[in-house]
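Have a look at the structure below, then the notes.
Owing to the predicted nature of the structure, the values given are computational and were not obtained by experimental measurement. Note that ligands are numbered from 1 as they come in the structure, with each ligand's atoms numbered from 1 the same way. Computation of the quantities below employed the complete heavy-atom set of this structure, encompassing side-chain atoms and omitting hydrogens, waters and symmetry-equivalent molecules.
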Amino acid sequence: MKSTLRWDIFCAVVDNYGDIGVCWRLARQLANEHGLAVRLWVDDLRPLSRLCPAVDASQALQRIEGVEVRHWPSPFSATDVADVVIEAFACALPETYLNAMAARPHKPVWINLEYLSAEPWVEGCHGMASPHPHLPLTKHFFFPGFTPATGGLMRECDYDLRRASFDQAALRTRLGLPAAQDGELTLSLFAYENPALPDLLNAWAKSSAPIRCLVPEGRSLADVGKFFGSAECCAGHQFERDNLSVHVLPFVPQLDYDALLWLCDLNFVRGEDSFVRAQWAEKPLVWHIYPQADAAHQVKLDAWLSRYRAALPSPATDAMRNFWRAWNGDGEIVSAWYAFRSALPWLQDLASPWAQKIATSDGLAEKLRQFSAHIDV
Ligand code: TRH
């Protein structure tokens, strides 16, 4: 077995929080649960400092929660090479680092961590090798996924413990929310800009039961402010219309985001990491998938829905599919909402069986560790 004690993770922030969100979660887990020496190289530390306020975005080197956090400068100066090198989302390693990898007598394990997808082809591509065109190095593709034949999903070993000690009433108080009224639906809304949002907010306002919508600071705020005729919309603001109350929440540290998901009866999530966390939360969810060129995201959306519906056949999942599609630009949102709203009790019943199904015995961090210990480089 190879020595895989020192790990370098390289992350280039494209936009949003997903790339660094995944890398930060992984770095912490490898360091704290697997006892590995992990350096996380990030080209822009500002999004990380929002996920983890202890990170000082102006510092080139800092040690946070067991991880050595490094600014990835350009040009990249020479450094010692780790035993395992993770290139997150094909971010392209610095040339100097790549040459140093090639110069090592024992070549490091080089892994490209891919984006999450439920598409069937992922199983066939997980672990595939790709030799470098001219350096004596081989890169391996590691695909997170929802089945045992993929790289799995990240779930911290203390997740259940944290959830068991979650105090719903205390969090409501901390967020400035009143106790839930009879029949109230509390939901969180984390999404990209979405042209369907005004019609949905309008349907929520007309709802026969109260709806409390918690919106973390982010890309939905302009649409929310506009709906309520407010030029300003930021953390702390609260809006009311008929049966709808909207609370704008501050962006919370990454681990605290789980508690928001546990608090709500329904979670709107987006991207990759919040999508996975909402599944662990065992609550009904709605996915605003990251839009890609050529509508590739719609294929990904349908792949997840097909997997879910095949695993848990239920008429409620028709309403779920229609609402998810409408939220992602394909279909009429208001009628889809009413059907989805009626299906929520059944979807709540499916949430735990689904989480159990996708929680493969080894999660992504453990699978990466095993993979790197046994792969031929
Ligand atoms: O921010 P995102 O839209 O990231 C996206 C996706 O990952 C997408 O696949 C990728 O290609 C693109 O970035 C570049 O969504 P995501 O993945 O859910 O990441 C959000 C992170 O922010 C997640 O780790 C949860 C965290 N978060 C907090 O820590 N606090 C908060 O208050 C909220 C709302 C989220």
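Closer than 4.0 angstrom to ligand 1 by heavy atom are Asp15, Asn16, Tyr17, Gly18, Asp19, Gly21, Leu51, Tyr115, Phe190, Tyr192, Pro216, Phe251, Val252, Pro253, Gln254, Tyr257, Arg270, Gly271, Glu272, Asp273, Ser274, Tyr290, sorted by chain and number.
Looking only at atom types and distance, the side chain of Glu332 has no donor-acceptor partner in the side chain of Trp337 under 3.5 Å away. A donor-acceptor contact closer than 3.5 angstrom links the side chains of Glu184 and Thr186. Side-chain polar atoms of Trp354 and Gln279 form a donor-acceptor pair below 3.5 angstrom. With no hydrogens or angles considered, no side-chain donor-acceptor pair links Tyr192 and Asn328 at under 3.5 Å. Side-chain contact of Ser352 with Glu282: a donor-acceptor pair under 3.5 Å is present, judged by distance alone. In the model, Arg277 has no side-chain atom that pairs as donor or acceptor with a side-chain atom of Tyr257 under 3.5 Å.
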